[in-house]
Amino acid sequence: MALLTNSPRGTQDVLGDESYKWRYVESRLAEVCERFGYREARVPTFEHTELFTRGVGDTTDVVGKEMYTMIDKGGRSITLRPEGTSGVARAFLQNGILSGALPARAYYIMSCFRYEKPQAGRLREFHQLGIELFGADSPDTDCEVIRVANTIITELGIRNVRLEINSIGCPECRARYRKALMAFFENHKSELCGTCLERFERNPMRILDCKSPGCQAIAAAAPLMLDYLCGDCREHFSQVGMLLKTAGIAYEINPRIVRGLDYYTRTVFEFIHDAAGAQGTVCGGGRYDGLVELLGGSSVPAVGFGMGIERLLSVLDAEGVPIPEPEPPALFIAYLGDKGKAIARSLSFELVGAGVRALYDLCGRSLKAQLKYADKTGARMLLVIGDDEVECGEGRLKDMRDGTETPVSLDCVRLTAALSKLLG
RNA sequence: GUGGGUAUAGCUCAGCUGGUUAGAGUGCCAGGUUGUGGCCCUGGAGGUCGUGGGUUCGAACCCCAUUAUCCACCCCA
(Lines give C-alpha, C1' and ligand atoms only; values in the text may rest on other atoms or scores of the structure.)
Protein backbone atom coordinates (compact mmCIF):
# COMPACT_ATOMS: atom_id res chain seq x y z
CA MET A 1 0.00 0.00 0.00
CA ALA A 2 3.02 2.25 -0.03
CA LEU A 3 2.48 2.83 -3.72
CA LEU A 4 3.70 6.10 -5.10
CA THR A 5 0.33 6.62 -6.71
CA ASN A 6 -2.72 4.82 -8.06
CA SER A 7 -4.46 5.04 -11.39
CA PRO A 8 -6.29 8.35 -11.68
CA ARG A 9 -9.84 8.48 -10.46
CA GLY A 10 -12.36 7.07 -12.88
CA THR A 11 -9.81 5.19 -14.96
CA GLN A 12 -9.40 1.44 -15.24
CA ASP A 13 -6.61 -1.01 -15.86
CA VAL A 14 -7.62 -3.77 -18.24
CA LEU A 15 -5.20 -6.65 -17.79
CA GLY A 16 -4.81 -10.18 -19.09
CA ASP A 17 -7.83 -11.60 -17.29
CA GLU A 18 -10.10 -9.06 -18.99
CA SER A 19 -8.38 -7.73 -22.07
CA TYR A 20 -9.22 -10.76 -24.20
CA LYS A 21 -12.89 -9.90 -23.71
CA TRP A 22 -12.23 -6.42 -25.04
CA ARG A 23 -10.42 -7.82 -28.05
CA TYR A 24 -13.27 -10.17 -28.73
CA VAL A 25 -16.01 -7.56 -28.44
CA GLU A 26 -14.10 -4.96 -30.42
CA SER A 27 -13.44 -7.35 -33.26
CA ARG A 28 -17.10 -8.34 -33.40
CA LEU A 29 -18.14 -4.69 -33.44
CA ALA A 30 -15.75 -3.88 -36.24
CA GLU A 31 -16.89 -6.87 -38.25
CA VAL A 32 -20.54 -5.85 -38.10
CA CYS A 33 -19.78 -2.24 -38.97
CA GLU A 34 -17.70 -3.24 -41.95
CA ARG A 35 -20.41 -5.61 -43.13
CA PHE A 36 -22.74 -2.61 -43.23
CA GLY A 37 -20.22 -0.67 -45.30
CA TYR A 38 -18.67 1.45 -42.56
CA ARG A 39 -14.92 2.03 -42.55
CA GLU A 40 -12.78 2.79 -39.59
CA ALA A 41 -11.84 6.38 -38.81
CA ARG A 42 -9.00 7.20 -36.43
CA VAL A 43 -9.01 10.76 -35.25
CA PRO A 44 -7.03 12.69 -32.61
CA THR A 45 -7.53 12.08 -28.91
CA PHE A 46 -7.55 15.83 -28.36
CA GLU A 47 -8.96 18.64 -30.44
CA HIS A 48 -9.15 22.40 -30.31
CA THR A 49 -11.58 23.24 -27.55
CA GLU A 50 -13.86 25.25 -29.82
CA LEU A 51 -14.76 22.11 -31.78
CA PHE A 52 -16.68 20.87 -28.76
CA THR A 53 -18.02 24.16 -27.48
CA ARG A 54 -19.48 24.73 -30.93
CA GLY A 55 -20.33 21.19 -31.93
CA VAL A 56 -21.63 19.73 -28.69
CA GLY A 57 -22.90 23.06 -27.42
CA ASP A 58 -21.61 25.20 -24.60
CA THR A 59 -24.83 25.07 -22.61
CA THR A 60 -24.57 21.30 -22.21
CA ASP A 61 -23.23 19.66 -19.08
CA VAL A 62 -20.64 17.83 -21.12
CA VAL A 63 -19.07 21.04 -22.32
CA GLY A 64 -19.98 23.22 -19.37
CA LYS A 65 -18.48 21.17 -16.61
CA GLU A 66 -17.07 17.86 -17.76
CA MET A 67 -14.29 18.59 -20.21
CA TYR A 68 -10.60 17.98 -19.69
CA THR A 69 -9.36 21.24 -21.11
CA MET A 70 -5.84 22.60 -20.89
CA ILE A 71 -3.60 25.17 -22.46
CA ASP A 72 -0.71 23.59 -24.30
CA LYS A 73 2.81 24.97 -24.43
CA GLY A 74 1.93 26.95 -27.54
CA GLY A 75 -0.90 28.73 -25.76
CA ARG A 76 -3.66 26.81 -27.54
CA SER A 77 -6.72 25.59 -25.69
CA ILE A 78 -7.06 21.89 -26.30
CA THR A 79 -9.56 19.37 -24.94
CA LEU A 80 -9.53 15.63 -24.53
CA ARG A 81 -12.47 14.46 -26.65
CA PRO A 82 -15.62 13.99 -24.55
CA GLU A 83 -17.35 12.21 -27.45
CA GLY A 84 -16.55 11.06 -30.94
CA THR A 85 -19.04 12.61 -33.33
CA SER A 86 -17.60 16.13 -33.46
CA GLY A 87 -14.09 14.90 -34.18
CA VAL A 88 -15.17 12.59 -36.97
CA ALA A 89 -17.41 15.28 -38.47
CA ARG A 90 -14.47 17.69 -38.36
CA ALA A 91 -12.19 15.14 -39.97
CA PHE A 92 -14.64 14.34 -42.77
CA LEU A 93 -15.13 18.03 -43.44
CA GLN A 94 -11.44 18.89 -43.32
CA ASN A 95 -10.44 16.02 -45.58
CA GLY A 96 -13.07 16.70 -48.20
CA ILE A 97 -14.96 13.47 -47.64
CA LEU A 98 -18.21 15.37 -47.47
CA SER A 99 -17.51 16.85 -50.92
CA GLY A 100 -17.09 13.34 -52.32
CA ALA A 101 -19.52 10.51 -52.85
CA LEU A 102 -22.33 10.57 -50.31
CA PRO A 103 -23.54 9.01 -48.15
CA ALA A 104 -20.22 8.46 -46.38
CA ARG A 105 -19.95 6.05 -43.49
CA ALA A 106 -17.45 5.80 -40.64
CA TYR A 107 -17.04 3.84 -37.44
CA TYR A 108 -14.55 4.17 -34.64
CA ILE A 109 -13.64 2.59 -31.33
CA MET A 110 -12.11 5.20 -29.09
CA SER A 111 -11.63 6.36 -25.55
CA CYS A 112 -13.45 9.50 -24.46
CA PHE A 113 -12.92 11.65 -21.40
CA ARG A 114 -15.37 13.37 -19.13
CA TYR A 115 -14.67 14.82 -15.72
CA GLU A 116 -17.58 13.25 -13.88
CA LYS A 117 -18.05 11.56 -10.56
CA PRO A 118 -17.54 7.86 -11.25
CA GLN A 119 -20.18 5.26 -10.50
CA ALA A 120 -21.37 1.97 -11.95
CA GLY A 121 -21.16 2.22 -15.73
CA ARG A 122 -19.60 5.66 -15.64
CA LEU A 123 -15.91 6.42 -15.85
CA ARG A 124 -13.77 9.44 -16.56
CA GLU A 125 -12.02 7.60 -19.34
CA PHE A 126 -14.49 5.37 -21.11
CA HIS A 127 -14.59 3.67 -24.46
CA GLN A 128 -17.17 3.69 -27.14
CA LEU A 129 -17.95 2.37 -30.52
CA GLY A 130 -19.46 5.07 -32.69
CA ILE A 131 -20.79 5.10 -36.19
CA GLU A 132 -21.65 8.12 -38.30
CA LEU A 133 -23.44 8.33 -41.60
CA PHE A 134 -23.21 11.63 -43.47
CA GLY A 135 -25.12 12.93 -46.45
CA ALA A 136 -28.50 11.24 -46.33
CA ASP A 137 -31.66 12.41 -44.62
CA SER A 138 -34.08 9.67 -45.61
CA PRO A 139 -35.84 7.65 -42.92
CA ASP A 140 -34.03 4.63 -44.36
CA THR A 141 -30.83 6.20 -43.10
CA ASP A 142 -32.05 6.39 -39.51
CA CYS A 143 -33.27 2.83 -39.82
CA GLU A 144 -29.92 1.60 -41.08
CA VAL A 145 -28.04 3.14 -38.20
CA ILE A 146 -30.44 1.59 -35.71
CA ARG A 147 -30.11 -1.72 -37.52
CA VAL A 148 -26.35 -1.64 -37.07
CA ALA A 149 -26.75 -1.21 -33.31
CA ASN A 150 -29.45 -3.85 -33.18
CA THR A 151 -27.35 -6.31 -35.17
CA ILE A 152 -24.40 -5.82 -32.85
CA ILE A 153 -26.50 -6.36 -29.79
CA THR A 154 -28.32 -9.44 -31.03
CA GLU A 155 -25.26 -11.03 -32.62
CA LEU A 156 -23.31 -10.60 -29.41
CA GLY A 157 -26.04 -12.64 -27.76
CA ILE A 158 -27.64 -9.95 -25.61
CA ARG A 159 -31.33 -10.55 -24.99
CA ASN A 160 -32.83 -8.15 -22.51
CA VAL A 161 -32.44 -4.86 -24.28
CA ARG A 162 -35.22 -2.58 -25.36
CA LEU A 163 -35.13 0.11 -27.98
CA GLU A 164 -36.78 3.42 -27.29
CA ILE A 165 -37.14 6.08 -29.92
CA ASN A 166 -38.42 9.62 -30.10
CA SER A 167 -38.24 12.63 -32.33
CA ILE A 168 -37.11 15.95 -31.00
CA GLY A 169 -37.92 17.65 -34.31
CA CYS A 170 -36.06 20.23 -36.29
CA PRO A 171 -35.05 23.60 -34.82
CA GLU A 172 -38.30 25.16 -36.02
CA CYS A 173 -40.71 22.72 -34.41
CA ARG A 174 -38.52 22.49 -31.33
CA ALA A 175 -38.75 26.24 -30.84
CA ARG A 176 -42.55 26.09 -31.01
CA TYR A 177 -42.58 23.19 -28.60
CA ARG A 178 -40.25 24.90 -26.19
CA LYS A 179 -42.56 27.85 -26.07
CA ALA A 180 -45.56 25.63 -25.36
CA LEU A 181 -43.66 23.75 -22.71
CA MET A 182 -42.55 26.87 -20.93
CA ALA A 183 -46.08 28.19 -20.98
CA PHE A 184 -47.23 24.96 -19.40
CA PHE A 185 -44.59 24.81 -16.67
CA GLU A 186 -44.96 28.52 -15.94
CA ASN A 187 -48.21 27.61 -14.15
CA HIS A 188 -46.55 24.87 -12.11
CA LYS A 189 -43.32 26.61 -11.21
CA SER A 190 -43.97 26.48 -7.49
CA GLU A 191 -44.36 22.69 -7.55
CA LEU A 192 -41.13 21.92 -9.39
CA CYS A 193 -38.00 20.65 -7.66
CA GLY A 194 -34.92 22.84 -7.41
CA THR A 195 -33.04 21.39 -10.34
CA CYS A 196 -36.11 21.59 -12.52
CA LEU A 197 -36.43 25.27 -11.77
CA GLU A 198 -32.98 25.68 -13.28
CA ARG A 199 -33.95 23.44 -16.16
CA PHE A 200 -36.93 25.67 -16.76
CA GLU A 201 -34.55 28.40 -17.84
CA ARG A 202 -31.83 26.33 -19.50
CA ASN A 203 -33.61 23.44 -21.12
CA PRO A 204 -37.25 22.88 -20.15
CA MET A 205 -37.36 19.60 -22.10
CA ARG A 206 -35.20 18.09 -19.39
CA ILE A 207 -37.98 18.48 -16.83
CA LEU A 208 -39.79 15.71 -18.67
CA ASP A 209 -37.36 13.06 -17.56
CA CYS A 210 -36.89 14.27 -14.00
CA LYS A 211 -37.10 11.36 -11.57
CA SER A 212 -38.73 13.21 -8.72
CA PRO A 213 -42.34 12.06 -8.25
CA GLY A 214 -43.67 15.61 -7.96
CA CYS A 215 -42.17 16.69 -11.25
CA GLN A 216 -43.22 13.46 -12.92
CA ALA A 217 -46.81 14.05 -11.90
CA ILE A 218 -46.75 17.48 -13.43
CA ALA A 219 -44.85 16.38 -16.50
CA ALA A 220 -47.40 13.66 -17.17
CA ALA A 221 -49.83 16.33 -18.29
CA ALA A 222 -47.25 18.40 -20.18
CA PRO A 223 -47.51 18.80 -23.93
CA LEU A 224 -45.51 16.27 -25.94
CA MET A 225 -42.87 17.07 -28.50
CA LEU A 226 -44.48 14.60 -30.87
CA ASP A 227 -47.60 16.75 -30.99
CA TYR A 228 -45.60 19.76 -32.05
CA LEU A 229 -43.64 18.22 -34.89
CA CYS A 230 -43.93 20.00 -38.19
CA GLY A 231 -45.35 18.03 -41.10
CA ASP A 232 -41.97 16.96 -42.44
CA CYS A 233 -40.65 15.87 -39.08
CA ARG A 234 -43.81 13.95 -38.27
CA GLU A 235 -43.71 12.19 -41.61
CA HIS A 236 -40.03 11.36 -41.12
CA PHE A 237 -40.66 9.93 -37.68
CA SER A 238 -43.56 7.76 -38.74
CA GLN A 239 -41.54 6.47 -41.70
CA VAL A 240 -38.70 5.51 -39.39
CA GLY A 241 -41.16 3.60 -37.21
CA MET A 242 -42.59 1.76 -40.20
CA LEU A 243 -39.15 0.86 -41.50
CA LEU A 244 -38.13 -0.52 -38.12
CA LYS A 245 -41.20 -2.69 -38.13
CA THR A 246 -40.35 -3.88 -41.63
CA ALA A 247 -36.87 -4.69 -40.40
CA GLY A 248 -38.34 -6.72 -37.56
CA ILE A 249 -36.89 -4.47 -34.89
CA ALA A 250 -39.13 -4.01 -31.86
CA TYR A 251 -39.21 -0.57 -30.33
CA GLU A 252 -41.31 1.64 -28.16
CA ILE A 253 -41.87 5.32 -28.50
CA ASN A 254 -40.72 7.18 -25.44
CA PRO A 255 -41.77 10.81 -25.86
CA ARG A 256 -39.59 11.78 -22.94
CA ILE A 257 -36.21 10.86 -24.40
CA VAL A 258 -34.15 13.96 -24.81
CA ARG A 259 -30.47 14.11 -25.55
CA GLY A 260 -27.83 16.06 -23.73
CA LEU A 261 -25.88 17.11 -26.75
CA ASP A 262 -27.08 20.13 -28.69
CA TYR A 263 -26.48 18.77 -32.15
CA TYR A 264 -29.30 16.22 -32.16
CA THR A 265 -32.33 16.75 -34.41
CA ARG A 266 -35.34 14.66 -35.29
CA THR A 267 -34.79 10.96 -34.49
CA VAL A 268 -33.20 10.09 -31.16
CA PHE A 269 -32.93 6.58 -29.74
CA GLU A 270 -31.54 4.55 -26.89
CA PHE A 271 -30.90 0.87 -26.33
CA ILE A 272 -31.49 0.24 -22.64
CA HIS A 273 -30.58 -2.70 -20.45
CA ASP A 274 -31.85 -2.90 -16.89
CA ALA A 275 -29.35 -5.24 -15.30
CA ALA A 276 -26.33 -2.99 -15.61
CA GLY A 277 -26.94 -0.56 -12.76
CA ALA A 278 -28.52 2.82 -13.12
CA GLN A 279 -26.54 3.64 -16.25
CA GLY A 280 -28.59 1.31 -18.38
CA THR A 281 -28.17 3.07 -21.70
CA VAL A 282 -25.85 0.82 -23.66
CA CYS A 283 -26.23 2.76 -26.84
CA GLY A 284 -27.55 6.21 -27.57
CA GLY A 285 -27.75 8.13 -30.77
CA GLY A 286 -29.78 10.03 -33.26
CA ARG A 287 -29.81 12.40 -36.14
CA TYR A 288 -27.79 15.60 -36.18
CA ASP A 289 -28.58 17.48 -39.35
CA GLY A 290 -27.15 20.76 -38.15
CA LEU A 291 -23.70 19.76 -36.94
CA VAL A 292 -21.70 19.93 -40.14
CA GLU A 293 -22.97 23.41 -40.86
CA LEU A 294 -22.11 24.46 -37.32
CA LEU A 295 -18.55 23.36 -38.00
CA GLY A 296 -18.34 25.53 -41.09
CA GLY A 297 -19.41 23.13 -43.79
CA SER A 298 -22.41 23.16 -46.05
CA SER A 299 -25.62 21.63 -44.82
CA VAL A 300 -25.01 17.88 -44.64
CA PRO A 301 -27.51 15.73 -42.77
CA ALA A 302 -26.15 12.93 -40.61
CA VAL A 303 -27.08 10.17 -38.15
CA GLY A 304 -25.03 8.14 -35.73
CA PHE A 305 -24.77 6.52 -32.36
CA GLY A 306 -22.36 5.88 -29.52
CA MET A 307 -22.18 2.53 -27.76
CA GLY A 308 -20.38 2.22 -24.45
CA ILE A 309 -17.86 -0.64 -24.47
CA GLU A 310 -17.68 -0.91 -20.68
CA ARG A 311 -21.46 -1.02 -20.45
CA LEU A 312 -21.62 -3.57 -23.23
CA LEU A 313 -19.14 -5.77 -21.38
CA SER A 314 -21.03 -5.50 -18.13
CA VAL A 315 -24.26 -6.45 -19.89
CA LEU A 316 -22.55 -9.45 -21.48
CA ASP A 317 -21.34 -10.42 -18.04
CA ALA A 318 -24.76 -9.92 -16.44
CA GLU A 319 -26.36 -12.11 -19.09
CA GLY A 320 -23.69 -14.76 -18.79
CA VAL A 321 -22.76 -14.59 -22.46
CA PRO A 322 -19.66 -16.76 -22.93
CA ILE A 323 -16.58 -15.13 -24.41
CA PRO A 324 -13.92 -17.37 -25.93
CA GLU A 325 -10.80 -17.52 -23.80
CA PRO A 326 -7.34 -17.09 -25.24
CA GLU A 327 -5.28 -20.12 -26.22
CA PRO A 328 -2.92 -21.25 -23.45
CA PRO A 329 0.76 -21.93 -24.23
CA ALA A 330 1.21 -25.17 -26.16
CA LEU A 331 4.47 -26.10 -24.52
CA PHE A 332 6.57 -25.31 -21.48
CA ILE A 333 10.19 -26.39 -21.54
CA ALA A 334 11.79 -27.06 -18.16
CA TYR A 335 15.40 -28.06 -17.73
CA LEU A 336 18.13 -29.24 -15.38
CA GLY A 337 21.73 -28.13 -15.70
CA ASP A 338 23.48 -25.68 -17.99
CA LYS A 339 23.41 -27.86 -21.08
CA GLY A 340 19.72 -28.50 -20.60
CA LYS A 341 19.14 -24.80 -20.27
CA ALA A 342 21.00 -24.06 -23.50
CA ILE A 343 18.88 -26.56 -25.39
CA ALA A 344 15.65 -25.39 -23.77
CA ARG A 345 16.47 -21.87 -24.78
CA SER A 346 17.39 -22.53 -28.39
CA LEU A 347 14.49 -24.94 -28.84
CA SER A 348 12.08 -22.38 -27.45
CA PHE A 349 13.40 -19.71 -29.82
CA GLU A 350 13.04 -22.01 -32.79
CA LEU A 351 9.56 -23.14 -31.85
CA VAL A 352 8.25 -19.62 -31.35
CA GLY A 353 9.82 -18.69 -34.65
CA ALA A 354 7.93 -21.58 -36.22
CA GLY A 355 4.67 -20.29 -34.78
CA VAL A 356 4.37 -22.49 -31.69
CA ARG A 357 3.30 -20.98 -28.38
CA ALA A 358 6.30 -22.17 -26.39
CA LEU A 359 7.84 -20.97 -23.11
CA TYR A 360 10.92 -21.99 -21.17
CA ASP A 361 12.06 -21.27 -17.64
CA LEU A 362 13.84 -17.95 -17.23
CA CYS A 363 14.64 -18.09 -13.53
CA GLY A 364 16.83 -21.16 -13.04
CA ARG A 365 14.52 -22.47 -10.35
CA SER A 366 14.15 -25.99 -9.07
CA LEU A 367 12.40 -28.43 -11.36
CA LYS A 368 9.45 -28.49 -9.02
CA ALA A 369 9.15 -24.72 -9.13
CA GLN A 370 9.43 -24.77 -12.91
CA LEU A 371 6.61 -27.30 -13.17
CA LYS A 372 4.44 -25.40 -10.75
CA TYR A 373 4.90 -22.35 -12.87
CA ALA A 374 4.22 -24.33 -16.05
CA ASP A 375 0.98 -25.48 -14.48
CA LYS A 376 -0.05 -21.91 -13.64
CA THR A 377 0.55 -20.74 -17.19
CA GLY A 378 -1.95 -23.33 -18.35
CA ALA A 379 0.57 -24.85 -20.75
CA ARG A 380 -0.83 -27.93 -22.46
CA MET A 381 2.42 -29.85 -22.81
CA LEU A 382 5.60 -30.15 -20.83
CA LEU A 383 9.10 -31.07 -21.92
CA VAL A 384 11.89 -31.60 -19.38
CA ILE A 385 15.45 -31.39 -20.65
CA GLY A 386 17.98 -32.87 -18.26
CA ASP A 387 21.23 -34.76 -18.63
CA ASP A 388 19.58 -37.83 -20.17
CA GLU A 389 17.82 -35.82 -22.85
CA VAL A 390 20.93 -33.83 -23.59
CA GLU A 391 22.83 -37.05 -24.10
CA CYS A 392 20.45 -38.94 -26.36
CA GLY A 393 18.67 -36.02 -28.03
CA GLU A 394 15.30 -37.49 -27.12
CA GLY A 395 12.69 -36.35 -24.65
CA ARG A 396 9.12 -36.99 -23.56
CA LEU A 397 6.23 -34.66 -24.19
CA LYS A 398 4.00 -34.80 -21.15
CA ASP A 399 0.35 -33.89 -21.44
CA MET A 400 -0.32 -31.64 -18.45
CA ARG A 401 -3.96 -32.69 -18.32
CA ASP A 402 -3.74 -36.46 -18.10
CA GLY A 403 -0.04 -37.05 -17.55
CA THR A 404 0.45 -39.23 -20.62
CA GLU A 405 3.89 -39.04 -22.20
CA THR A 406 4.98 -39.26 -25.80
CA PRO A 407 8.60 -39.72 -26.88
CA VAL A 408 9.94 -37.04 -29.20
CA SER A 409 13.34 -36.04 -30.48
CA LEU A 410 14.62 -32.62 -29.49
CA ASP A 411 14.21 -31.14 -32.89
CA CYS A 412 12.09 -28.16 -33.76
CA VAL A 413 10.44 -29.69 -36.82
CA ARG A 414 9.58 -32.99 -35.15
CA LEU A 415 8.44 -31.26 -31.96
CA THR A 416 6.18 -28.98 -33.94
CA ALA A 417 4.70 -31.94 -35.76
CA ALA A 418 4.24 -33.91 -32.53
CA LEU A 419 2.59 -30.96 -30.81
CA SER A 420 0.15 -30.30 -33.60
CA LYS A 421 -0.73 -33.99 -33.70
CA LEU A 422 -1.27 -34.19 -29.94
CA LEU A 423 -3.11 -30.90 -29.60
CA GLY A 424 -5.17 -31.30 -32.73
C1' G B 1 -21.52 19.58 -8.03
C1' U B 2 -25.15 16.84 -4.12
C1' G B 3 -26.24 12.51 -0.94
C1' G B 4 -25.29 7.58 1.41
C1' G B 5 -21.98 3.10 2.33
C1' U B 6 -16.89 1.46 2.77
C1' A B 7 -11.33 1.86 3.72
C1' U B 8 -7.00 -3.81 8.13
C1' A B 9 -1.37 -8.42 4.00
C1' G B 10 -1.01 -8.83 -3.48
C1' C B 11 -6.56 -10.59 -3.17
C1' U B 12 -11.23 -11.81 -0.02
C1' C B 13 -12.13 -10.62 4.81
C1' A B 14 -12.07 -11.46 10.74
C1' G B 15 -10.65 -8.31 14.76
C1' C B 16 -15.82 -8.62 21.07
C1' U B 17 -18.55 -2.61 24.90
C1' G B 18 -11.15 1.09 23.19
C1' G B 19 -6.50 -2.88 26.56
C1' U B 20 -0.72 -3.88 25.54
C1' U B 21 3.49 -8.81 20.39
C1' A B 22 -2.86 -7.23 14.47
C1' G B 23 -5.28 -12.56 12.62
C1' A B 24 -7.44 -16.24 8.94
C1' G B 25 -8.12 -18.00 4.07
C1' U B 26 -6.02 -17.47 -0.57
C1' G B 27 -1.82 -15.99 -3.51
C1' C B 28 3.68 -15.61 -3.56
C1' C B 29 8.69 -17.93 -2.15
C1' A B 30 11.12 -22.20 -0.09
C1' G B 31 11.46 -27.20 2.05
C1' G B 32 9.19 -32.22 2.53
C1' U B 33 11.99 -35.84 -3.57
C1' U B 34 19.51 -31.91 -6.48
C1' G B 35 14.23 -35.67 -12.69
C1' U B 36 8.14 -34.20 -12.83
C1' G B 37 2.91 -29.80 -11.73
C1' G B 38 -2.23 -30.24 -9.50
C1' C B 39 -3.54 -32.90 -3.54
C1' C B 40 -1.26 -32.94 1.34
C1' C B 41 2.32 -31.31 5.32
C1' U B 42 6.02 -27.63 7.22
C1' G B 43 8.36 -22.99 7.16
C1' G B 44 9.16 -17.90 5.26
C1' A B 45 8.43 -13.11 3.23
C1' G B 46 4.59 -9.49 3.16
C1' G B 47 0.66 -4.57 7.12
C1' U B 48 3.35 3.00 9.60
C1' C B 49 -4.76 -0.81 10.19
C1' G B 50 -6.04 5.05 3.59
C1' U B 51 -3.85 9.96 5.38
C1' G B 52 -3.72 14.06 9.04
C1' G B 53 -5.45 15.88 13.49
C1' G B 54 -8.26 15.19 18.22
C1' U B 55 -10.32 12.55 22.79
C1' U B 56 -7.90 8.91 26.24
C1' C B 57 -3.26 6.26 30.85
C1' G B 58 -4.01 3.51 26.20
C1' A B 59 -7.11 3.98 19.47
C1' A B 60 -7.56 -0.62 13.87
C1' C B 61 -11.97 0.48 17.11
C1' C B 62 -14.59 6.88 19.45
C1' C B 63 -14.74 12.31 17.20
C1' C B 64 -13.28 15.85 13.17
C1' A B 65 -11.06 16.71 8.57
C1' U B 66 -9.10 14.88 4.10
C1' U B 67 -8.29 11.40 0.11
C1' A B 68 -9.69 7.07 -2.36
C1' U B 69 -13.42 3.60 -3.59
C1' C B 70 -18.55 1.76 -4.26
C1' C B 71 -23.69 3.15 -5.00
C1' A B 72 -27.40 6.82 -6.18
C1' C B 73 -28.79 11.91 -7.97
C1' C B 74 -27.29 15.14 -11.92
C1' C B 75 -25.75 13.92 -16.80
C1' C B 76 -24.52 10.45 -20.36
C1' A B 77 -21.78 5.84 -23.45
Side-chain angles (χ1 to χ4, degrees), chain A residues 1-3 5-12 17 56 60-66 81-85 109-130 149 193-196 198-199 202-203 206 209-212 257-261 264 268 270-273 276-285 304-315 332-337 340 361 363-390 395-403 405:
Chain A
M1 267 301 195
L3 296 180
T5 181
N6 293 323
S7 56
R9 178 158 214 205
T11 64
Q12 258 184 350
D17 57 343
V56 177
T60 61
D61 278 11
V62 168
V63 170
K65 45 195 210 192
E66 297 173 0
R81 59 185 176 213
E83 54 99 46
T85 300
I109 296 172
M110 60 165 58
S111 53
C112 295
F113 307 85
R114 291 182 197 172
Y115 191 84
E116 295 190 273
K117 203 156 166 184
Q119 70 183 70
R122 201 175 68 187
L123 294 158
R124 288 187 173 179
E125 180 183 16
F126 64 98
H127 298 77
Q128 62 176 30
L129 161 77
C193 71
T195 41
C196 280
E198 289 170 35
R199 289 173 173 139
R202 287 173 76 94
N203 187 354
R206 285 243 158 255
D209 59 5
C210 180
K211 306 281 193 301
S212 105
I257 301 183
V258 273
R259 307 254 76 208
L261 310 179
Y264 284 108
V268 292
E270 293 183 3
F271 285 85
I272 301 163
H273 190 279
Q279 313 303 320
T281 302
V282 172
C283 174
F305 67 71
M307 188 178 282
I309 308 286
E310 286 88 352
R311 291 184 186 179
L312 206 51
L313 282 161
S314 88
V315 164
F332 187 94
I333 308 177
Y335 59 80
L336 289 157
D361 178 67
C363 304
R365 291 185 282 202
S366 70
L367 187 63
K368 178 176 180 144
Q370 292 182 52
L371 298 200
K372 272 187 121 151
Y373 181 73
D375 190 49
K376 298 246 159 63
T377 65
R380 295 287 313 279
M381 292 286 170
L382 172 73
L383 180 63
V384 178
I385 302 179
D387 295 343
D388 299 347
E389 288 80 2
V390 170
R396 301 188 308 275
L397 268 180
K398 176 174 173 178
D399 188 315
M400 294 290 276
R401 294 186 184 173
D402 56 23
E405 296 187 330

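Just so it is clear: chains get the letters A, B, ... in the order the sequence lines come, proteins before strands, and each one is counted from 1. Only heavy atoms go into these numbers, but all of them, side chains included; no hydrogens, no water, no symmetry mates. Keep in mind it's a predicted model, so treat the numbers as computed, not measured.
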Give a yes/no verdict on base stacking between B/A77 and A/Phe126: centres under 5.5 Å, planes within less than 30° of parallel. yes
Considering only the C1' atoms, how many Å lie between B/U17 and B/C64, rounded to the nearest integer? 22 Å
Nearest-nucleotide pick for A/Asp387, side chain only, options being B/G35, B/C74, B/U2: B/G35
Determine: side-chain N/O of A/Gln119 to OP1/OP2 of B/C73, distance under 4.0 Å, yes or no. yes
B/G25 versus B/G43 - spacing of their P atoms, nearest Å: 11 Å
With the side chain of A/Arg365 defined as its heavy atoms from C-beta on, choose the nearest nucleotide among B/A77, B/G35, B/C29. B/C29
Upstream residue (5' side of RNA chain B) when A/Ser366 and A/Ile385 are each assigned their closest nucleotide: A/Ser366
Which part of the nucleic acid, if any, lies within contact of A/Gly10, taking any heavy atom under 4.0 Å across all strands shown: a base, the sugar-phosphate backbone alone, or nothing? sugar-phosphate
Taking atom types as modelled and ignoring hydrogens, do the side chains of A/Tyr373 and A/Asp361 form a donor-acceptor contact shorter than 3.5 angstrom? no
Which of B/U36, B/U2, B/A77 is nearest the side chain of A/Arg396? It is B/U36
Tell me whether the side-chain N/O atoms of A/Arg9 come closer than 4.0 Å to OP1 or OP2 in B/U69. yes
Identify whether any heavy atom of A/Ala334 sits under 4.0 Å from a base atom; if not, whether one sits that close to sugar-phosphate; answer base, sugar-phosphate or nothing. nothing
Take the protein atom CG of A/Asp61 and the nucleotide atom C1' of B/C75, then report the distance between them rounded to whole Å. 5 Å
If the cut-off is 4.0 Å, is A/Lys376 near the phosphate of B/C28, judged by side-chain N/O to OP1 or OP2? yes
Heavy atoms only, 4.0 Å cut-off, all strands: where does A/Gly306 land among base, sugar-phosphate and nothing? sugar-phosphate
Would you mind classifying the nucleic acid contact of A/Cys112 as base, sugar-phosphate or nothing, using non-hydrogen atoms under 4.0 angstrom? nothing
Could you work out which one of B/C75, B/A77, B/G1 sits closest to the side chain of A/Lys117? B/G1
Heavy atoms only, 4.0 Å cut-off, all strands: where does A/Leu129 land among base, sugar-phosphate and nothing? nothing
Where do N or O atoms of nucleotides 38-45 of chain B meet protein N or O atoms at under 3.5 Å, pair by pair?
{"from": "B/G38", "atom 1": "O4'", "to": "A/Asp375", "atom 2": "OD2", "distance (Å)": "3.4"}

First of A/Tyr264 and A/Glu405 reached from the 5' end of RNA chain B, by closest nucleotide: A/Glu405
By the 4.0 Å heavy-atom rule, please label A/Glu116 as base, sugar-phosphate, or nothing. base
Between P on B/C29 and OH on A/Tyr373, what's the gap in Å once rounded to a whole number? 10 Å
When we call it a touch if two heavy atoms are under 4.0 Å apart, what does A/Glu125 touch: a base, just sugar-phosphate, or nothing? nothing
Compare the minimum distances between each of B/C70, B/G35, B/A77 and the side chain of A/Leu367, then state the nucleotide with the smallest one. B/G35
Closest of B/A77, B/G35, B/A30 to the A/Asp388 side chain is B/G35
To the nearest 0.5 Å, what is the distance between CD1 on A/Ile309 and CD on A/Gln128? 8.0 Å
For A/Leu382, which contact category applies under a 4.0 Å heavy-atom criterion: base, sugar-phosphate, or nothing? base
The reported gap from CE in A/Met381 to CZ in A/Arg396 (rounded to nearest 0.5 angstrom) is 14.0 Å
Answer yes or no: is there an ion pair linking A/Arg122 with A/Glu116, defined by an N-O contact shorter than 4.0 Å? yes
Heavy-atom donor-acceptor pair, A/Arg122 side-chain to B/C71 base, under 3.5 Å: no
Report the secondary structure of RNA chain B in dot-bracket form, marking unpaired bases with a dot and bases paired to a different strand with |, and treating Watson-Crick or G-U pairs with both distances under 3.5 Å as paired. (((((((..((((.....[...)))).(((((.......))))).....(((((..]....))))))))))))....
